[in-house]
K.L.:
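Let me begin by handing over the structure; questions about it come next.
Letters go in sequence order (proteins before strands), and every chain restarts at 1.
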Amino acid sequence: MSSELPVQRPRNDIEPAEPLDNPGLPEHLPRPTDVDPAMERRAERQISAFFGLATLLTLVFCVAYFVVPKDATFLGWSALNFSLGASLGLALLAIGIGAIQWAKKLMDDHEVIEMRHPVASSEEDRAATLGMLNDGIKESGFGRRPMIRNSLLGALGVLGLPAVVLLGDLGPLPGRTQFSTVWTKGMRVVTDVSGLPIKAADLEVGELVNAEPAILFETDEEGERVLEGTEALQAKSKAAVIVVRIRPEDITAPAGRENWGVDGILCYSKICTHVGCPISLYEQQTHHVLCPCHQSTFDLSDGGSVIFGPGKRPLPQLPLSVDEEGYLIATSDFTEPVGPSFPEIEQES
Amino acid sequence: MSDTKTPTHTPVEQTKFGKRAGGPVKWLDERVGAAGVARGLIRKVFPDHWSFMLGEIALYSFIVLLLSGTFLTFWFQPSMQEITYTGSYTPLYGLEMSQAYASTLDISFDIRGGLLMRQIHHWSAMLFIAAMYVHMLRVFFTGAFRKPRELNWVIGVLLMVLGLIEGFAGYSLPDDLLSGTGLRFVDGLIRSIPIVGSYLEYFVFGGEFPGNEIIPRLYMVHILLVPALLLGLIAAHMLLLVYHKHTQWPGPGRTEKNVVGYPVLPVYAAKAGGFFFVVFGFTALMGAVLQINPIWAYGPYNPSEVTAGSQPDWYMGFVEGAVRLMPNWEFTTLGWTFSLNVFIPAVLLLGAFFTAIGAYPFIERWVTKDDREHHLLQRPRNAPVRTALGVAAMTFYGVLWIGGGNDIIATQFRLDIYAITWFCRVMVFVGPVIAFIITKRICLGLQRADKEQVLHGYESGVIERSPDGGYSERHTPLSEVGQYELTTHERVEVAAPPPAADDRGVRVPGARKARRHAFVSKFYYGDVVDKPSRDDVDEARHHAGHDGHELEADEEFRGVGETGVPRSH
Ligand code: HEM
Ligand code: FES
């Protein structure tokens with residue numbers, strides 16, 4: 001029904017041009033180079049000059065490769081990079097400009113008319129194709145032998161499974177690995193650059209220290225790092241922390257976490273709960289820490305709660321204590337997963 | 001012949017070269033039939049317009065990417081194995097870093113021309129994607145995506161998406177601090193996929209982030225998988241282009257049935273070939289003087305470090321913005337946590353944005369019910385609602401993009417970052433609506449101005465004083481060609497809503513569907529300014545006659561033939 005409704009139909013197919021007739025292709029106007037032999041010769045010289053210049057610059061490139069020292073500088077740029085790039089770039093530009101000039105000034109510039117043909121194939125072609133297709137199907141018996149057809153389709157369909165199954169070893173299953181970090185009871189909190197333990201008494205109010213678990217710096221009997229290479233990076237990307245000292249009266253500790261700090265020294269995961277950037281920008285007065293990636297803002301004096309931004313969960317807090325020597329230690333691992341959320345994050349083991 | 005000054009043309013088969021090449025060419029033709037194919041192509045006609053070069057820029061920068069990228073593969077080591085750096089960049093000497101990062105330093109400092117190739121590769125990647133966007137806009141705003149080119153539009157959208165993926169994969173390879181931060185983001189993004197997120201994360205990264213596998217895997221994606229797909233799709237894009245023949249702007253002599261332009265050999269080949277060298281030369285010069293992605297300044301990736309103001313490449317800015325503007329929606333039901341704060345902006349929105357772009361030709365077809373082939377381009381003003389929708393989409397993209405730089409804006413202009421974020425959160429919805437309204441108004445205004453010019457000419461700047469003392473500006477009538485060019489677009493009609501019941505009170509079947517269609521048709525065409533009719537034009541011409549400028553229509557002129565050549569000639 002709807003196909004018979006009045007719809008917009010441009011009237012151009014009835015009246016080929018309306019309201020005005022197509023004036024037709026304008027007359028071809030000769031270019032200066034078409035009528036003035038002197039201009040023509042000049043253009044010819046100019047164009048070959050561009051190509052000549054390109055050859056020259058390409059040779060400059062080759063020479064520069066061998067003679068310009070790698071560490072020399074030129075106007076603050078690497079001299080080698082500049083000379084190679086400038087000579088190559090200008091050579092290419094010269095070829096391009098020469099070719100375009102040639103086309104514009106000297107090549108025949110009469111516009112040519114080509115007719116279009118309907119994109120669709122002709123009715124005969126369609127009918128013939130359909131006929132052949134039907135012959136083929138008939139001869140194969142595809143339609144008459146549904147048992148063969150369906151069992152084949154089934155077999156081909158199942159072939160998709162190995163393609164998926166084979167990917168099984170792309171990675172291990174997550175298991176509970178996302179729920180824990182390398183922090184353990186009694187592990188020292190050490191500064192992230194030097195690996196030195198942090199004395200509680202040395203921390204000033206308002207200070208923020210980027211820290212790591214001591215295990216990242218520990219070595220075994222043979223002097224080898226306990227955690228190395230990728231393992232170390234994986235550990236670090238979950239266990240990195242920040243340690244701050246806030247005046248105790250400014251702190252509102254969430255229930256159950258009253259003794260997770262040491263005289264106002266609190267320790268939080270450094271890994272943003274949004275998508276995992278290391279948070280960094282700390283504002284002493286407000287105790288807010290801002291993630292530079294998407295500006296999630298967390299209040300460290302209020303259990304790491306979210307103040308602003310796309311992050312949802314508060315920063316996980318690491319319970320602290322001090323050892324006999326007065327250095328900060330963790331009293332356990334984080335009690336909740338760190339980093340960005342994942343589907344199973346709220347599932348108990 | 002040889003003694004005249006101007007050398008005359010010798011048929012190619014009779015030249016020395018031609019004689020020597022004749023054998024092999026014949027050999028080849030007897031085996032692949034090349035002459036038959038070449039016959040259709042050598043003199044194929046391409047219309048000329050500056051906006052048709054945008055797709056070419058994309059094509060040529062893709063070739064530059066292939067060339068420079070191949071060079072980089074000779075030295076780049078896609079390995080996350082930690083090693084100690086001993087290359088010639090002294091500030092990082094002795095530091096632990098991945099082989100990927102160290103080999104990128106080597107390419108930058110120890111391989112001659114390596115830095116140039118790295119910079120050319122990165123600049124041409126940006127140019128590639130920028131050119132695709134602008135090309136897409138030109139195809140959109142001129143209606144070049146209409147039948148029969150819808151499939152080429154869809155291929156184009158796929159190219160766009162693959163281009164973004166390719167760029168992101170490449171950006172992640174050097175394993176510097178910025179690229180690692182980008183990967184961290186991908187890790188969080190994958191995790192946010194409902195139910196299966198953790199599994200996908202471990203499969204993609206080969207275990208916990210960052211693992212050992214992601215860079216080798218991305219390397220395969222970057223140098224094999226996506227380039228192969230891109231090549232295949234570009235080939236399909238070009239084949240369809242040749243088969244459809246290029247669209248052209250309407251103008252004297254140009255019709256829906258012809259193509260007017262220059263033949264491939266020689267003019268188009270020389271111009272297009274020359275333009276390839278211009279694009280390549282331009283990127284090489286950028287590589288020479290404009291530093292890009294100085295990975296040595298960022299340092300190797302370290303999961304506990306990040307630089308303030310870290311930004312992805314520009315083409316990822318809108319995703320970054322969407323992620324920044326999103327409120328923190330996350331909830332848990334039945335034990336499963338859904339991180340909509342990441343999933344919506346990074347996965348759903350992106351998918352929806354490109355799906356909407358890909359579907360647009362089909363949506364418009366549904367509104368216009370127009371099933372004819374279109375080979376003449378439309379001026380954006382003559383499709384006001386389409387143009388307004390396009391500008392609205394650009395505004396949406398632009399607001400997200402600004403949102404992606406909210407920290408930079410905040411520090412540069414000393415503004416409050418939360419205020420900027422809130423502003424963008426509102427503007428992402430309001431901005432496109434405002435843009436739509438303004439753009440549509442402008443288009444209608446331009447249409448009215450066009451009509452005015454056709455009927456009354458343009459202001460000549462000559463002020464006349466009438467006998468009774470009034471002043472008026474003389475209007476110069478437009479030339480016939482000028483008038484023609486402003487009136488070639490099609491007249492449109494709004495679909496009329498059908499009566500709900502016929503005159504005997506019987507419900508018309510399908511009326512609801514028809515009313516819905518009438519509604520969208522009105523939305524689309526309702527306000528379009530119709531071009532003048534033939535009578536209007538004739539009358540206006542008589543009118544214009546009083547100042548002696550009576551237009552003499554060529555008596556012999558009898559319209560144009562199918563080929564576009566005036567019949568009277
Ligand atoms: C790898 C990226 C791309 C390359 C290399 C490329 C290249 C080209 C070239 C050289 C042309 C002919 C010249 C022109 O009209 O500008 C063309 C035409 C076309 N492109 Fe693309 N393009 C790319 C991406 C896209 C995208 C993103 C879209 C749209 C979403 C698109 C849609 C089209 C359409 C519909 C045509 C036919 C236009 C006409 O005949 O007027 N292309 N493309
Ligand atoms: S990662 Fe911190 S706000 Fe996104």
K.L.:
Just by modelled atom types, is the A:His274 backbone N or O under 3.5 Å from a matching donor or acceptor in the B:Asn328 side chain?
P.N.:
no

K.L.:
For the atom pair OG1 (B:Thr421) and CZ (A:Phe308), what is the distance rounded to the nearest 0.5 Å?
P.N.:
4.5 Å

K.L.:
Do A:Asn22 and B:Tyr484 get their side chains close enough for a donor-acceptor pair, meaning under 3.5 Å?
P.N.:
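On atom types as modelled, these side chains qualify, holding a pair under 3.5 Å.
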
K.L.:
Check each atom of B:Gln119 against the heavy atoms of chain A and say whether the ones under 4.5 Å are side chain, backbone, both or neither.
P.N.:
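Contact with chain A involves the side chain of B:Gln119 alone.
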
K.L.:
About how many Å separate NZ of A:Lys238 and CZ of B:Phe209, when rounded to the nearest 0.5 Å?
P.N.:
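Here the rounded value is 12.5 Å.
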
K.L.:
Which one, B:Asn341, B:Val537, B:Asp535, B:Val289, leads in non-hydrogen pairs under 4.5 Å with chain A?
P.N.:
B:Val289

K.L.:
With rounding to the nearest 0.5 angstrom, report the OG to NZ distance, B:Ser304 to A:Lys270.
P.N.:
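The distance works out to 6.5 Å.
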
K.L.:
With a 4.5 angstrom heavy-atom cut-off, is it the side chain or the backbone of B:Lys147 that approaches chain A, or both, or neither?
P.N.:
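Contact with chain A is absent: no heavy atom of B:Lys147 under 4.5 Å.
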
K.L.:
Side chain, backbone, both or neither: which part of A:Val306 has a non-hydrogen atom closer than 4.5 Å to chain B?
P.N.:
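It is the side chain, since no backbone atom gets that close.
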
K.L.:
Can you tell me which of A:Gly96, A:Pro278, A:Ala240 forms the most heavy-atom pairs within a distance under 4.5 Å of chain B?
P.N.:
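Ranked by heavy-atom pairs under 4.5 Å with chain B, first place is A:Pro278.
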
K.L.:
Counting only heavy atoms closer than 4.5 Å, note whether A:Tyr65 contacts chain B via side chain, backbone, both or neither.
P.N.:
both

K.L.:
Heavy-atom pairs under 4.5 Å with chain A are the metric here; pick the option from B:Met326, B:Arg324, B:Glu320 that has the most.
P.N.:
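That would be B:Arg324.
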
K.L.:
Give the minimum heavy-atom separation between B:Glu373 and A:Val119, together with the two atoms involved.
P.N.:
OE2-N, 2.8 Å

K.L.:
With heavy-atom distances below 4.5 Å as the criterion, would you say the side chains of A:Asp21 and B:Arg534 are in contact?
P.N.:
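SC-SC contact between A:Asp21 and B:Arg534 confirmed.
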
K.L.:
Start with the C-alpha distance between B:Arg112 and A:Phe66, add both sets of side-chain angles, then the distance that settles side-chain contact (heavy atoms from CB on, under 4.5 Å), and finish with yes or no.
P.N.:
CA-CA 9 Å; B:Arg112 285 173 284 180; A:Phe66 293 105; 4.0 Å; yes

K.L.:
To the nearest 0.5 Å, how far apart are OH in B:Tyr262 and NE2 in A:His110?
P.N.:
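The distance works out to 10.0 Å.
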
K.L.:
Report which part of A:Cys291 has an atom under 4.5 Å of a heavy atom belonging to chain B: side chain, backbone, both, or neither.
P.N.:
neither

K.L.:
Quick one: what part of A:Ala120 sits under 4.5 Å from any heavy atom of chain B, side chain, backbone, both or neither?
P.N.:
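Only the backbone of A:Ala120 comes within 4.5 Å of chain B.
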
K.L.:
Measure the CZ-CD distance between A:Arg225 and B:Glu82 for me, rounded to the nearest 0.5 Å.
P.N.:
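These two atoms lie 10.5 Å from each other.
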
K.L.:
With heavy-atom distances below 4.5 Å as the criterion, would you say the side chains of A:Thr297 and B:Tyr418 are in contact?
P.N.:
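Result yes, sub-4.5 Å side-chain heavy-atom pair found.
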
K.L.:
Enter the distance from A:Phe342:CZ to B:Tyr202:OH here, rounded to the nearest 0.5 Å.
P.N.:
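Rounded to the nearest 0.5 Å, the CZ-OH separation comes out at 8.0 Å.
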
K.L.:
Is there side-chain contact between B:Glu201 and A:Pro174, with heavy atoms separated by less than 4.5 Å?
P.N.:
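They are not in contact (no side-chain heavy atoms under 4.5 Å apart), so the answer is no.
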
K.L.:
Which heavy-atom pair separates A:Arg116 from B:Glu256 by the least distance, and what is that distance?
P.N.:
CD-O, 3.3 Å

K.L.:
Please report the closest heavy-atom contact between B:Phe203 and A:Gly171, naming both atoms and the distance.
P.N.:
CE1-O, 3.4 Å

K.L.:
Which one wins on heavy-atom pair count under 4.5 Å against chain B: A:Ala86, A:Gly339, A:Pro172, A:Ala103?
P.N.:
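So the answer, after comparing A:Ala86, A:Gly339, A:Pro172, A:Ala103, is A:Pro172.
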
K.L.:
Are there residues of residues 67-79 of chain A that reach to under 4.5 Å of chain B by heavy atoms, and which ones?
P.N.:
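Those residues of residues 67-79 of chain A which have a heavy atom under 4.5 Å from chain B are A:Lys70, A:Trp77.
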
K.L.:
Which one, B:Asp538, B:Asp407, B:Val306, leads in non-hydrogen pairs under 4.5 Å with chain A?
P.N.:
B:Val306

K.L.:
Given the options B:Ala346, B:Pro47, B:Gly188, which has more heavy-atom pairs under 4.5 Å with chain A than any of the others?
P.N.:
B:Gly188

K.L.:
Quick test of your reading: applying side chain to side chain donor-acceptor pair (under 3.5 Å), list the pairs with at least one residue in residues 269-281 of chain B, sequence neighbours left out, ordered by first then second residue.
P.N.:
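Every side chain to side chain donor-acceptor pair (under 3.5 Å) pair that includes a residue of residues 269-281 of chain B, provided the two are not neighbours, is B:Asp48-B:Lys271.
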
K.L.:
Which bit of B:Ile83 comes within less than 4.5 Å of chain A, counting heavy atoms only: side chain, backbone, both or neither?
P.N.:
neither

K.L.:
Start with the C-alpha gap between A:Glu344 and B:Tyr199, add the side-chain angles, then the distance that decides, and say whether side-chain contact (heavy atoms from CB on, under 4.5 Å) holds.
P.N.:
CA-CA 10 Å; A:Glu344 301 87 349; B:Tyr199 290 87; 3.5 Å; yes

K.L.:
Give the member of B:Asp187, B:Val279, B:Ile120, B:Asn302 that has the highest number of heavy-atom pairs under 4.5 Å with chain A.
P.N.:
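Top count of heavy-atom pairs under 4.5 Å with chain A: B:Asn302.
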
K.L.:
What residue, out of A:Glu212, A:Gln295, A:Glu231, has the most heavy-atom pairs lying under 4.5 Å from chain B?
P.N.:
A:Gln295

K.L.:
Side chain, backbone, both or neither: which part of A:Ser280 has a heavy atom under 4.5 Å from chain B?
P.N.:
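Side chain only.
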
K.L.:
Counting only N and O atoms by type, is there a donor-acceptor contact under 3.5 Å from the side chain of B:Arg184 to the main-chain atoms of A:Ser237?
P.N.:
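Yes, the answer is positive, given that a donor and an acceptor are paired below the 3.5 Å cut-off.
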
K.L.:
Considering only heavy atoms and a distance below 4.5 Å, find which of B:Asn406, B:Val481, B:Thr283 pairs most often with chain A.
P.N.:
B:Asn406

K.L.:
For B:Arg217, is it the side chain, the backbone, both, or neither that has a heavy atom closer than 4.5 Å to a heavy atom of chain A?
P.N.:
side chain

K.L.:
Compute whether any side-chain donor of one residue and acceptor of the other, for A:Gln178 and B:Ser198, lie under 3.5 angstrom apart.
P.N.:
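Short answer, yes.
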
K.L.:
Where is the tightest heavy-atom contact between A:Val275 and B:Leu189, given as atom of each residue plus distance?
P.N.:
CG1-N, 4.4 Å

K.L.:
Side chain, backbone, both or neither: which part of B:Ile417 has a heavy atom under 4.5 Å from chain A?
P.N.:
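Contact with chain A is through the side chain of B:Ile417 alone.
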
K.L.:
So which of A:Leu93, A:Ile271, A:Val112 has the largest heavy-atom pair count under 4.5 angstrom toward chain B?
P.N.:
A:Val112

K.L.:
Quick check on A:Asn81 against chain B: is it the side chain, the backbone, both or neither that has a heavy atom closer than 4.5 Å?
P.N.:
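Both parts, backbone and side chain.
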
K.L.:
Identify the two heavy atoms, one from B:Leu285 and one from A:Leu90, that lie closest to each other, and give their separation to 0.1 Å.
P.N.:
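Looking at all heavy atoms of both residues, the closest pair is CD1-CD2, 4.0 Å.
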
K.L.:
Hey, does the side chain of B:Asn258 reach the backbone of A:Ile113 with a donor-acceptor pair shorter than 3.5 angstrom?
P.N.:
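No, B:Asn258 side chain to A:Ile113 backbone: no donor-acceptor pair under 3.5 Å.
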
K.L.:
Do you know which two heavy atoms are closest between A:Cys277 and B:Thr181, and how far apart they sit?
P.N.:
SG-CG2, 3.9 Å

K.L.:
Have A:Thr177 and B:Glu208 got a donor and an acceptor in their side chains that come within less than 3.5 Å?
P.N.:
no

K.L.:
Flag yes if more than 12 heavy atoms outside B:Phe282 fall under 6.0 Å of its CZ atom; otherwise flag no.
P.N.:
no

K.L.:
Does any heavy atom of chain A fall under 4.5 Å from the side chain of B:Thr332, the backbone, both, or neither of them?
P.N.:
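It is the side chain, since no backbone atom gets that close.
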
K.L.:
Can you tell me which portion of B:Phe109 sits under 4.5 Å from chain A's heavy atoms? Options are side chain, backbone, both or neither.
P.N.:
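When you check distances to chain A, only backbone atoms of B:Phe109 fall under 4.5 Å.
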
K.L.:
What part of B:Val267 is in contact with chain A, defined as an atom under 4.5 angstrom from a non-hydrogen atom: side chain, backbone, both or neither?
P.N.:
both

K.L.:
Within the 4.5 Å heavy-atom criterion, are A:His294 and B:Phe185 side-chain neighbours or not?
P.N.:
yes

K.L.:
Is A:Leu233 in contact with chain B via its backbone, its side chain, both, or neither, using a 4.5 Å heavy-atom distance?
P.N.:
both

K.L.:
Checking heavy atoms, do the side chain of B:Pro266, its backbone, both or neither come under 4.5 Å from chain A?
P.N.:
both

K.L.:
Can any side-chain N or O of A:Gln347 pair as donor or acceptor with the backbone N or O of B:Gly335 at less than 3.5 Å?
P.N.:
yes

